[in-house]
Peer 1: 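Encoded as structure tokens, here's the structure I'll be asking about.
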Amino acid sequence: QETGTAFGDGGADPDAPVEIDADRLSVDQESGVAVFSGSVRIVQDTMRLGAARVRVIYTPGGDRIERLEATGGVTLVSGEDAAEAERADYEVEAGRIRMSGEVLLTRGETIVAAERMDIELETGRAELSGRVRTVLQPGGDE
Amino acid sequence: CGFAPVYGPGGAGRTLQGQVAVPAPETRLGYHFTRRLEARLGRAEAPRYRLEAPLTVEREGLGTTADGRTTRYQLLGRADWRLRPAAPGAEPVAEGRVRGFTGYSSTGSPLAARAAERDAEERLATLLADRLVERLLMSDLGAAAP
Amino acid sequence: QPQDAAAAPAILVADTIYLEGETRLIAEGGVEVVQGARRLEAARVTYDASAERVAIEGPLRLTDGDGAAVLIAEAAALDLDLRDGLIRSARLVLDRQLQLAAARIDRRAGRYTVLTDTAVTSCQVCARGRAPLWQIRARRVLHDEAARQLYFDGAQLRVFDVPVLYLPRLRLPDPTNRRARGFLVPEVRSTTQIGAGLRLPYFIPLGPHRDLTVAPLLSPETRTLFFRYRQAMRRGDLMLRGALSSDDLRPDRLRGYLFADGEVALGRGYRLTFGLKTTSDELYLAEYGVTDTDRLQSEVAISRVRRTGVDTARLAYYQSLRAGEANATLPSLVLDAARERRVALPRIGGDLRLFADLHAHRRASDRDGVGRDMARLSAGALWTRAWTGAAGLRFGLTAGLRADGFRVRQDSAAAPRAAVVTPAARATLRWPLLRRRAGGARHLLEPVAMVAWSGGSRPDVPNEASTTPELDTANLLALSRFPSADRQERGWRAAGGLRWRRVAPEGPDVGLTLGRVWRREAEDAFSATSGLDGRRSDWLLAGELDLAHGLDIAARGIIGPQFDVPRAEARARWRTERLDLSATYLLLEKDAAEGRDDSLSEWGLDGRYRLTRHWTGSAGYRYDLAQDSAARADLDLVYTNECVAVRLSASRTFASSVTLEGSTDFGLTVALKGFSTGDSAKEDRRRCN
């Protein structure tokens with residue numbers, strides 16, 4: 001009975017191209033891991049990710065990005081929703097982002113704080129866990 | 001034989017004489033209580049102590065005769081007292097409870113019973129005041145430095 | 001739920017939260033929603049902003065500010081403010097006392113709670129399934145939070161699950177309702193004169209400051225309506241109590257009584273108090289157990305009491321209820337007015353007391369002697385001063401002058417007018433000595449003495465009010481021991497006494513007083529048993545003993561020359577955590593002058609003992625050794641736990657001056673706690689074992 005569409009309003013397409021820009025880039029030859037640092041900005045369709053440092057792990061074939069590890073204070077924005085956390089792991093293939101460490105999600109008027117958040121980009125389902133706290137806005141006039 | 005006069009040098013009598021502010025009365029019995037305390041402790045101009053002694057009095061009917069008349073009443077009095085230095089908010093230096101009762105007969109006419117009741121009230125006030133003064137004179141207060 | 005803060009935002013905490021779409025939030029695992037002072041705990045909460053519903057899956061527990069459970073349920077579907085909606089198989093708790101268990105609860109408009117298939121009780125429900133002591137089952141209960149009322153449909157009272165009473169409709173005030181209109185606790189009473197009856201008080205609040213309670217007494221012998229009206233005013237209060245009866249004891253007339261009591265502050269320290277009493281006939285008050293007094297005293301008084309003086313004015317009216325005592329010869333109307341001022345004298349020191357008082361009384365009868373009317377006017381001044389002399393001696397000097405004028409009518413045996421001027425002087429001596437023992441014990445020894453002289457000769461005036469004088473430790477050194485001014489002590493007299501007292505940090509606090517009065521000429525106005533007659537008074541002996549653990553005894557008596565004891569009174573009080581026992585002994589020898597035709601030697605006992613946590617028994621007993629007959633006995637048994645208070649009382653008076661053959665009263669009250677009628681159900685809570 002999943003209602004509603006994906007995370008954010010339009011729903012980010014997990015197969016869209018990923019653009020990354022940053023101040024610096026360094027590549028580790030044998031492991032093929034690229035490390036962007038210095039106000040890194042990643043854009044994929046309607047989703048944008050900002051972080052201090054991002055490690056990009058490519059698929060063994062080296063042609064597609066398998067995983068992104070963003071650390072040093074991550075912000076994630078999509079449509080009305082915005083999330084912050086200390087770290088984010090984006091498994092591009094699976095279309096799932098796990099944010100952890102002081103997670104703060106804002107969706108419309110609802111603000112939720114937790115230790116961990118798992119988002120499925122395709123369904124938009126977000127699961128926050130670890131002593132989650134939120135404020136329920138009262139109904140309309142009463 | 002170890003007895004020293006209370007109003008002798010260094011005794012509690014001198015320390016307290018004219019130094020205790022007595023509570024203002026609210027009832028007729030309270031008035032006689034205050035009057036007696038001031039007669040015994042002297043009226044205080046610049047008191048070093050303040051006395052708080054709320055009075056409670058109960059009346060109990062006794063002496064029920066064969067035809068069911070109550071012929072004797074007893075006034076049971078009690079005062080929980082506290083003596084504080086005059087400075088506002090000071091902690092009490094002495095406290096206690098004095099108790100006493102006086103009796104009167106109601107076998108005469110209503111006039112006699114009424115007069116006897118008022119006399120019993122005055123006697124109770126005097127008894128409680130005397131017991132309170134006695135207790136103050138026996139406390140270690142006397143030895144406190146003036 | 002009680003009306004909470006106006007829709008305050010609720011903070012939600014949980015182990016896991018799922019967000020689905022824009023408006024759905026699902027919280028799972030240890031979910032807590034805190035809104036103002038209220039906290040909701042549940043297993044799972046689904047919050048759907050667009051549907052404006054909150055679905056809660058239990059076990060769900062709502063607690064109020066200080067943690068007391070207000071609602072426990074299996075599931076609920078509420079609005080976003082968590083106030084209105086449907087709750088399933090819930091137990092609602094009102095004011096921590098009253099539990100309402102229901103299959104379904106509907107909340108509407110934040111004010112009404114409708115419970116269906118309900119069981120209401122304030123009793124402790126320990127094991128599941130065991131029926132509480134009492135419960136009210138109902139098809140439907142409506143709780144109106146604003147009006148604080150509970151409306152039952154198809155109510156059935158069950159005691160130990162046995163249906164006892166069925167009421168199609170029942171209304172009870174909820175526990176937070178202090179002034180609810182409605183029935184108070186009914187009482188079953190039976191007295192010898194009017195037999196058994198049910199007294200059903202109904203309370204009607206008339207605004208916040210006034211109320212009226214009417215209590216019909218349903219009994220085969222009498223149709224009676226008791227009533228009580230109370231009014232609190234800004235400057236005082238008023239209470240009217242009374243009753244109207246038509247009964248088989250006096251079928252020919254309407255009977256009843258009315259008492260009015262009140263107090264009003266008049267400003268500038270003056271206070272008006274009044275107590276007016278009237279009844280239709282002498283026997284009514286005793287027969288209906290209102291009071292067993294044998295004289296009705298009505299009075300109106302104005303008084304002001306200050307540190308420097310007292311002013312009182314009082315008008316009293318007496319009505320005798322005593323069998324065979326005619327009203328006409330009773331002083332019916334009595335006026336007293338008195339003023340006293342105290343002034344400190346600057347130069348010569350000491351205290352000057354100025355006083356003036358007026359007394360007048362009238363008897364309806366005009367027959368000579370028994371119909372006597374009398375008036376008195378007195379005025380005077382009294383100066384006293386005290387010094388400390390050598391060796392700690394305390395001297396006191398008193399000098400005074402008073403004048404008394406009398407006016408007597410309808411008594412040929414007395415002078416119609418009389419007056420006397422009484423100069424008086426007194427010297428007193430106190431020598432308090434203190435000894436300190438090791439361990440903090442202190443002994444006081446205080447010899448006291450006084451010498452007094454009063455002039456003037458006794459006016460030829462009847463002794464109306466000084467017929468019952470007393471000698472005790474308080475007036476041992478007094479100038480005059482007569483209770484009223486129509487008699488004065490005159491001539492030379494002296495008194496001496498010794499006071500001893502022991503006080504210790506632990507151990508008993510003991511006191512003893514011995515005293516005696518000597519007189520140059522006997523004062524024949526003193527009654528024989530007062531101990532003050534003759535040239536040497538009886539010995540006064542008084543003592544008090546205060547033991548640590550709640551036991552204190554006080555006694556006083558006078559001992560005649562042949563070691564006879566004309567008067568003695570003793571009181572003992574023993575109080576422990578569960579026992580409160582007081583015993584009295586009273587010995588009054590026969591003395592016609594004091595209006596006592598028989599000797600009295602009476603034991604009195606009043607005890608209250610907490611038998612168990614819930615049972616308390618109390619008993620009172622008076623036995624006169626001289627007459628070898630009991631005078632009064634009463635017994636009281638009270639069972640109280642968290643949800644019921646049962647009181648069984650029985651009292652027997654063996655004879656009353658009014659009804660002359662005594663009466664036995666029985667009373668039974670059963671109060672269901674938890675509604676505002678009974679007392680609070682929070683004390684005496686039984687424990688689940």
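Just so we're clear, the structure is a prediction, and the values are computed from it rather than from any experiment. Lettering of chains follows the sequences in order, A, B, ..., and the numbering in each one begins at 1. Just so it is clear, the values below take in all heavy atoms, side chains as well, and ignore hydrogens, waters and symmetry mates.
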Peer 1: Minimum heavy-atom separation for C/Glu32 to A/Arg131, with atom names?
Peer 2: OE2-NH2, 4.3 Å
Peer 1: Answer yes or no: does atom CZ of C/Arg171 have more than 12 heavy-atom neighbours from other residues, nucleotides or ligands under 6.0 Å?
Peer 2: yes
Peer 1: Considering residues, nucleotides and ligands other than A/Glu102, do more than 12 of their heavy atoms fall under 6.0 Å from its CD?
Peer 2: no
Peer 1: Taking all non-hydrogen atoms of both residues, which atom of C/Asp15 and which atom of A/Val132 are closest, and how far apart?
Peer 2: O-CG2, 3.3 Å
Peer 1: Measure the CZ-OG1 distance between A/Arg116 and C/Thr16 for me, rounded to the nearest 0.5 Å.
Peer 2: 8.5 Å
Peer 1: Just so I understand: if I count every heavy-atom pair under 4.5 Å between each of A/Ala114, A/Gly130, A/Ser129 and chain C, which residue has the most?
Peer 2: A/Ser129
Peer 1: Pick one of side chain, backbone, both or neither for A/Val135, based on which atoms fall under 4.5 Å of a heavy atom in chain C.
Peer 2: both
Peer 1: Report the distance from atom CE of A/Met117 to atom CG of C/Leu19, rounding to the nearest 0.5 Å.
Peer 2: 8.0 Å
Peer 1: Test of understanding: with ring pair (Phe, Tyr, Trp, His ring centres under 6.0 Å), list the residues that count as partners of C/Tyr202, not counting sequence neighbours.
Peer 2: C/Phe183
Peer 1: Would you find more than 12 non-hydrogen atoms of other residues, nucleotides or ligands less than 6.0 Å from A/Arg96 atom CZ?
Peer 2: no
Peer 1: So do A/Arg133 and C/Ile11 actually touch side chain to side chain, heavy atoms under 4.5 Å?
Peer 2: no
Peer 1: Surrounding CZ of A/Arg53 (heavy atoms of other residues, nucleotides or ligands, distance under 6.0 Å), is the total greater than 12?
Peer 2: no
